[in-house]
Amino acid sequence: MSAADGMNYAPQGKPRPVVGPGEFVVAAVGLDHGHIYGMCNGLVEAGATVKWAYDPDPAKVVAFCERFPSAKPARTELEAFEDGAVHLVASAAVPFRHGPLGLRVMDHGKDYFTDKPALTTIDQVEQVRRAVATSGRKFSVYFSERLHVESAVYASQLVSGGAIGQVVHVLGLGPHRANLAARPTWFFERDSYGGILCDIGSHQVEQFLHYTGNEQARVVASRVGNFAHPAHPGLEDFGDCTLTGANGAAGYFRVDWFTPDGLSAWGDGRVVLLGTKGYIELRKYVDVSRGPGDQVFLVDDAGEHHFSVGGQVGYPFFGQLVLDCLERTERAMSQAHILRAAELCIVAEAGAEVVAGPDASASALPGN
């Protein structure tokens, strides 16, 4: 795992199986993004067995099976879907395909676990909402920037324990390294990845809902732009958004593709949670010029506290997801939460003011 390469960032934790060998079987279908490795790492650490791998590109399948030797190549996606032993299909396909693939998976009686963004259009959200209701299957999403980051997991524990009282504001910063030379064609096609607020902004929207305890929120304002990549007009390299939750909590986040080459990590991701009794700051992937990430800072009435939690907390989401699929519960994340986060991302992107690039409006210019 390279901390400098976000596209192939695949955290590994300590095995914490919740099932025995062969009791929970996974097929990996759609290997377009390196996140599939992090997704399957987490599932295997929870005790899952990866049985199948399928992608139209045989080279991707070969590479995947080398990393997960229990997996064997499927001749078609149907070979994996129709295997009665498979409980869950995991996928990191091109984003605009997440919804249609999930519908096919659920139609075959399997639960589905997709990379972010969950979906790219409101029509897809409605289709999935109907399919979930009629099939009873799960449409789960890999919001890795909270679920696969120990400092974010620890912050959830602090918040749920009342460490800072009620969370009234969430500040999220999600810079990413572009690494353009290694990116596939779809990375530069807005309709394929859904736009920056829909894509990497999905982490931030989900975090806001989670930490503030909201299942409903509205987009107050949003902006996107292409400031530095005129050769790729379909790429949005900047986006920001302001949210208000149903309980009055507010949030602001910024996402971008401007991580400089000198940073040791792929992005200096940070979160600041303001509560009625204190605040928490997370330095997720790096503590600039000081050391590794997973640093948590808590300030409350008792003083200033620092916790370095890398390797200490683990990633409970994956075991919870496995048990949810087997027992039809919602320990890991509710379906309503997932689909609301997906919807808000799409709304933010669709209504965003374009502030830079070929589609920027005159109203975005200074003095207008």
Side-chain angles (χ1 to χ4, degrees), residues 19 23-30 32 36 39-40 43 46 48 50-52 54 74 76-143 147 191-192 194 198-199 202 205-206 209-210 214-218 246 317-350:
V19 291
E23 292 180 357
F24 189 81
V25 178
V26 174
V29 175
D32 292 286
I36 192 66
M39 296 163 70
C40 290
L43 290 167
V50 182
K51 183 176 181 180
W52 295 105
Y54 174 74
T76 66
E77 65 175 35
L78 282 177
E79 187 170 12
F81 294 171
E82 294 177 350
D83 183 346
V86 171
H87 296 88
L88 178 76
V89 174
S91 180
V94 179
F96 81 97
R97 297 191 176 121
H98 290 178
L101 177 57
L103 295 177
R104 297 197 298 276
V105 169
M106 291 186 287
D107 190 51
H108 282 83
K110 314 296 186 186
D111 292 318
Y112 182 59
F113 182 36
T114 182
D115 190 18
K116 61 77 204 167
L119 301 157
T120 59
T121 70
I122 292 296
D123 283 347
Q124 289 182 350
V125 174
E126 293 306 321
Q127 290 169 9
V128 168
R129 188 171 277 129
R130 288 193 297 270
V132 166
T134 57
S135 71
R137 308 318 302 179
K138 294 185 180 296
F139 187 102
S140 300
V141 178
Y142 182 55
F143 294 112
L147 305 174
D191 287 345
S192 293
C198 185
D199 181 21
S202 62
V205 172
E206 191 278 331
L209 293 175
H210 172 76
N214 276 293
E215 291 296 353
Q216 297 292 333
R218 62 184 176 88
F317 167 82
F318 298 94
Q320 293 168 350
L321 177 60
V322 168
L323 293 176
D324 283 345
C325 293
L326 291 175
E327 300 174 7
R328 313 318 295 169
T329 51
E330 288 192 328
R331 296 175 178 87
M333 196 180 299
S334 76
Q335 191 67 78
H337 174 90
I338 291 167
L339 294 179
R340 185 56 180 154
E343 189 173 43
L344 283 168
C345 298
I346 296 165
V347 169
E349 179 69 35

| message | Using every non-hydrogen atom in the two residues, find where Phe96 and Asp191 come nearest and quote the distance to one decimal. | response | CB-O, 3.6 Å
| message | For Phe143 versus Ala341, what's the shortest heavy-atom pair and its separation? | response | CZ-CB, 4.3 Å
| field | For Leu103, the option from His98, Gln124, Arg137, Gln127 that meets side-chain contact (heavy atoms from CB on, under 4.5 Å) | value | Gln127
| Would you say the side chain of Leu101 lies within less than 4.5 Å of the side chain of Arg104, judging by non-hydrogen atoms? | yes
| query | Between Gln335 and Ile338, is a side-chain contact (heavy atoms from CB on, under 4.5 Å) present by the stated rule, with each step listed? | reply | CA-CA 5 Å; Gln335 191 67 78; Ile338 291 167; 4.0 Å; yes
| query | Checking side-chain contact (heavy atoms from CB on, under 4.5 Å) for the pair Glu330/His337: CA distance, chi angles, key distance, verdict? | reply | CA-CA 11 Å; Glu330 288 192 328; His337 174 90; over 6 Å; no
| With under 30° as parallel and over 60° as perpendicular, where do the rings of Phe318 and Tyr142 fit, or are they tilted in between? | tilted
| said: Please report the interatomic distance SG(Cys345) to CZ(Arg340), rounded to the nearest 0.5 Å. | reply: 10.5 Å
| message | Rounded at 0.5 Å granularity, tell me how far CD1 in Ile122 sits from CD in Glu343. | response | 4.5 Å
| said: Between Val322 and Leu43, does the side-chain contact (heavy atoms from CB on, under 4.5 Å) criterion hold? Intermediate values first, please. | reply: CA-CA 8 Å; Val322 168; Leu43 290 167; 4.2 Å; yes
| query | Any salt bridge between Lys51 and Asp83, counting N to O under 4.0 Å? | reply | yes
| request: Mind checking ring-ring contact (aromatic ring centres under 6.0 Å, His included) for His108 and listing every partner two or more places apart, or none if nothing turns up? | output: Phe81
| Is a donor on one side and an acceptor on the other found under 3.5 Å between the side chain of Asp199 and the backbone of Gly194? | no
| note | Here the pair of heavy atoms bringing Thr120 nearest to Ser192 is CG2-O, 4.4 Å
| note | Value for OH (Tyr112) from CG (Leu88), rounded to nearest 0.5 Å, stands at 10.5 Å
| Where Ser202 and Cys198 come nearest, the two heavy atoms and their spacing | CB-O, 3.3 Å
| task | Apply ring-ring contact (aromatic ring centres under 6.0 Å, His included) to Phe24 and list each qualifying residue two or more places apart in sequence or on a separate chain. | result | His87
| message | Do Asp111 and Arg328 have side chains that approach each other closer than 4.5 Å (heavy atoms only, starting at C-beta)? | response | yes
| field | Non-hydrogen atoms of Ala93 and Asp32 that approach each other most closely | value | CA-OD2, 3.3 Å
| request: Begin with the C-alpha distance, continue with both residues' side-chain angles, and end with the deciding distance and a verdict on side-chain contact (heavy atoms from CB on, under 4.5 Å) for Met333 and Lys138. | output: CA-CA 10 Å; Met333 196 180 299; Lys138 294 185 180 296; over 6 Å; no
| query | What distance separates Glu327 CD from Gln320 CD, expressed to the nearest 0.5 Å? | reply | 11.5 Å
| request: Over all heavy atoms of both residues, which pair between Met39 and Thr114 is shortest? Give the atoms and the distance, please. | output: CE-C, 3.6 Å
